[in-house]
Protein chains: 2
Amino acid sequence: MTRKLPDKTVERLSQYRRALLNTLSGGKHHIFSHEIANLLHITAVQVRRDIMLIGYTGTLRQGYDVNELIDIIGKIIDTREGQKVAVIGIGNLGRAIMGYFSGKRTRLNIVAAFDSNPDKTDKIYAGVPCYHSDKMMEIIKNEGISIAVISVPGEFAEKVAEDLTMAGIKGILNFSPKPLNVPAHVYLQEFDMLTMLEKVAYFVKKS
Amino acid sequence: MTRKLPDKTVERLSQYRRALLNTLSGGKHHIFSHEIANLLHITAVQVRRDIMLIGYTGTLRQGYDVNELIDIIGKIIDTREGQKVAVIGIGNLGRAIMGYFSGKRTRLNIVAAFDSNPDKTDKIYAGVPCYHSDKMMEIIKNEGISIAVISVPGEFAEKVAEDLTMAGIKGILNFSPKPLNVPAHVYLQEFDMLTMLEKVAYFVKKS
DNA sequence: AAATTACTGTTATTTTAATAACAATGTTAT
DNA sequence: ATAACATTGTTATTAAAATAACAGTAATTT
Ligand SMILES: NC(=O)c1ccc[n+]([C@@H]2O[C@H](COP(=O)([O-])OP(=O)(O)OC[C@H]3O[C@@H](n4cnc5c(N)ncnc54)[C@H](O)[C@@H]3O)[C@@H](O)[C@H]2O)c1
Ligand SMILES: NC(=O)c1ccc[n+]([C@@H]2O[C@H](COP(=O)([O-])OP(=O)(O)OC[C@H]3O[C@@H](n4cnc5c(N)ncnc54)[C@H](O)[C@@H]3O)[C@@H](O)[C@H]2O)c1
């Protein structure tokens, strides 16, 4: 399945899987495209198209087999061995992230957290050990951690990103307000809640 | 300026403004499109095009006047009177949001927080009072709060959204993992960090 | 058994977003 | 004074994403 999927399809696949896992725990084993669509507020065509792109095929009268679809999506968006993730900066946001991810059934395992404040280190958060950031580069290399979430204050983000890059990280999800510069081989995704909120405000205003 | 702007342009305008405010506090009063572009990791053409769309014009040798541009963007994405915002659910995520927004110079004012846990209510977080959620509908109506950020656990999110809608809220930014159903006149923006992270993981895998 | 229904899967079309191309213009160098 | 340069603003083109259209098909109804 080395076919390149559209960006947006990748995002939705992750959402489909989450919704399907819910569905499953509700005891439902088959689902129609329009049901998935309703769960996510998108159209059924979109759902079918995405599913077509990953090469899965439902049955005519029953729709999609929930287990199978979850599996196939996993084959696409997970690696076989899983990927290790670290969270840098265990303030409010860092803890929210750890809490949210813990227990989610996924091949993305948060295996370490790092903070520069000794009061926060050498403790367990949501089942994950938090180390002092002095050890960050070493642990990332030794553990083979490939993905990092940055939730430190803006003024430290650039330095953290440099260290991460040197330690061989492959992907960064950045929540700090400072847009980062990383080499092209590091995949970078930035996110800002203020932007989201201002967007909501703008579109509220229009109506 | 009732011209309809593309979705993505609106997002970027918010980012430009944030970057420009930084620039300004660094004592720089003029900026070129390619400088803005570098700050945000986008292209200069994109920047110029967005700025064209809002009808602002720079000077040829100096580029854009930072103050003026900040102002113009404000005219576009803010309302004159400002809009009031409430945060529902003051857990780790709620507190991270409050901390992040506080002190940001914007016409979006977080004026109230709400939580159902009496241990958390009747306190001040990042300068904003937290009330018990019993009073939510009343306060939202009386204060004229038009935008809400939902950061309660999934199982309560639907109910909170219903109450908010009934209280007359106009826009919702939802961080709970439960996709919400709201009437069409309420602008809804959902966000999920797990999706973001899985996307990073997917694109890391490819390389 | 024919028609109808309710789905899926796929191609075609439209819409939205990004990029490229380039004219216009003041600035600096020669 | 002229040429080269660096920048903006805008139009043209391409790319990405979403939507629409519709063919195919098993089940159900008449
Ligand atoms: N992008 C967004 O949407 C968004 C939302 C909320 C917060 N934020 C930003 O995220 C960051 C964290 O927010 P928060 O509320 O958790 O803040 P916080 O102050 O509670 O936490 C920051 C943590 O980072 C740690 N830290 C500082 N320097 C470090 C370093 N070099 N290495 C490791 N750890 C270090 C601190 O000890 C602290 O524990 C802030 O920059 C904030 O502006 C962004
Ligand atoms: N979308 C994302 O990216 C993302 C990231 C992290 C967390 N989350 C989700 O956000 C939510 C909050 O995360 P958290 O880490 O802050 O959790 P938390 O448990 O620390 O906080 C939840 C807070 O909501 C309050 N609450 C519960 N019911 C309420 C109600 N009806 N009205 C008002 N307040 C109520 C609780 O008292 C608590 O203070 C969770 O659902 C979590 O899954 C989402």
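Quick note: numbers below take in every heavy atom, side chains included, and nothing from hydrogens, waters or symmetry partners.
- To the nearest 0.5 Å, the span separating CG on A/N174 from CG on A/L180 amounts to 4.0 Å.
- Taking CG from B/D192 and CZ from A/R18, the interatomic distance works out to 4.0 Å, rounded to the nearest 0.5 Å.
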Output one line per pair: protein atom, nucleotide atom from nucleotides 16-19 of chain D, and distance, for all N/O pairs under 3.5 Å.
| from | atom 1 | to | atom 2 | distance (Å) |
| --- | --- | --- | --- | --- |
| D/dA18 | OP2 | A/R12 | NH1 | 2.8 |
| D/dA18 | OP2 | A/R12 | NH2 | 3.1 |
| D/dT19 | O4 | A/R49 | NE | 3.0 |

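- Here C/dT19 presents its P atom at 11 Å from CG of B/D50, a figure rounded to the nearest Å.
- For residues 58-73 of chain B, proximity to DNA chain D is found at B/G58, B/T59, B/L60, B/R61, B/G63, B/Y64, defined as any non-hydrogen atom under 4.0 angstrom from a strand atom.
- A/D78 has no carboxylate O lying under 4.0 Å from a charged side-chain N of B/K205, or vice versa, which leaves the two without a salt bridge.
- Taking atom CZ of B/F32 as the reference point, atom P of D/dT8 lies 7 Å away to the nearest angstrom.
- Taking atom CD1 on A/I54 and atom P on C/dT8, their separation rounds to 14 Å, with Å as the unit.
- We find the CD1-CZ distance between B/I150 and B/F175 to be 11.0 Å, quoted to the nearest 0.5 Å.
- Protein atom CZ of B/R48 is 14 Å distant from nucleotide atom C1' of C/dA18, rounded to whole Å.
- Residue A/M52 contributes atom CE, which lies 12 Å from atom P of C/dA12 at whole-angstrom precision.
- Without hydrogens or angle criteria, A/R107 side chain to A/R80 main chain gives a donor-acceptor distance under 3.5 Å.
- Atom-to-atom, NE2 of B/H30 to C1' of C/dG26 comes out at 15 Å; the value is rounded to the nearest Å.
- For residues 32-43 of chain A, the pairs satisfying salt bridge (charged side-chain N to carboxylate O under 4.0 Å, His left out) are A/K28-A/E35, with sequence neighbours left out.
- Contacts classified as salt bridge (charged side-chain N to carboxylate O under 4.0 Å, His left out) and involving residues 49-58 of chain B (residues at least two apart or in different chains) are given here: B/R12-B/D50.
- Atom-to-atom distance recorded for A/S25:OG and A/L20:CG is 11.0 Å, nearest 0.5 angstrom.
- Between A/K178 and the choices A/E158, A/E190, A/E155, the side-chain hydrogen bond (donor to acceptor under 3.5 Å, both in side chains) rule is met once, by A/E158.
- Between the side chain of B/D163 and the backbone N or O of B/A167 there is no donor-acceptor pair closer than 3.5 Å.
- For the OP1/OP2 pair of C/dG9 and a distance below 4.0 Å, the side-chain nitrogens and oxygens of A/T57 include at least one atom meeting the criterion.
- Taking atom CG of residue A/L53 and atom C1' of nucleotide C/dT10, one finds them 10 Å apart after rounding to whole Å.
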Hey, can you pull the donor-acceptor pairs under 3.5 Å for the side chains in residues 83-94 of chain A, sequence neighbours left out?
| from | atom 1 | to | atom 2 | distance (Å) |
| --- | --- | --- | --- | --- |
| A/Q83 | NE2 | B/A201 | O | 3.4 |
| A/K84 | NZ | A/E143 | O | 3.0 |
| A/N92 | OD1 | A/R95 | NH2 | 3.0 |

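- To the nearest angstrom, P of C/dC7 lies 15 Å from CD1 of A/I51.
- The terminal axes of the helix from C/dA1-D/dT30 to C/dT30-D/dA1, fitted over 5 pairs per end, subtend an angle of 10° to the nearest 10°.
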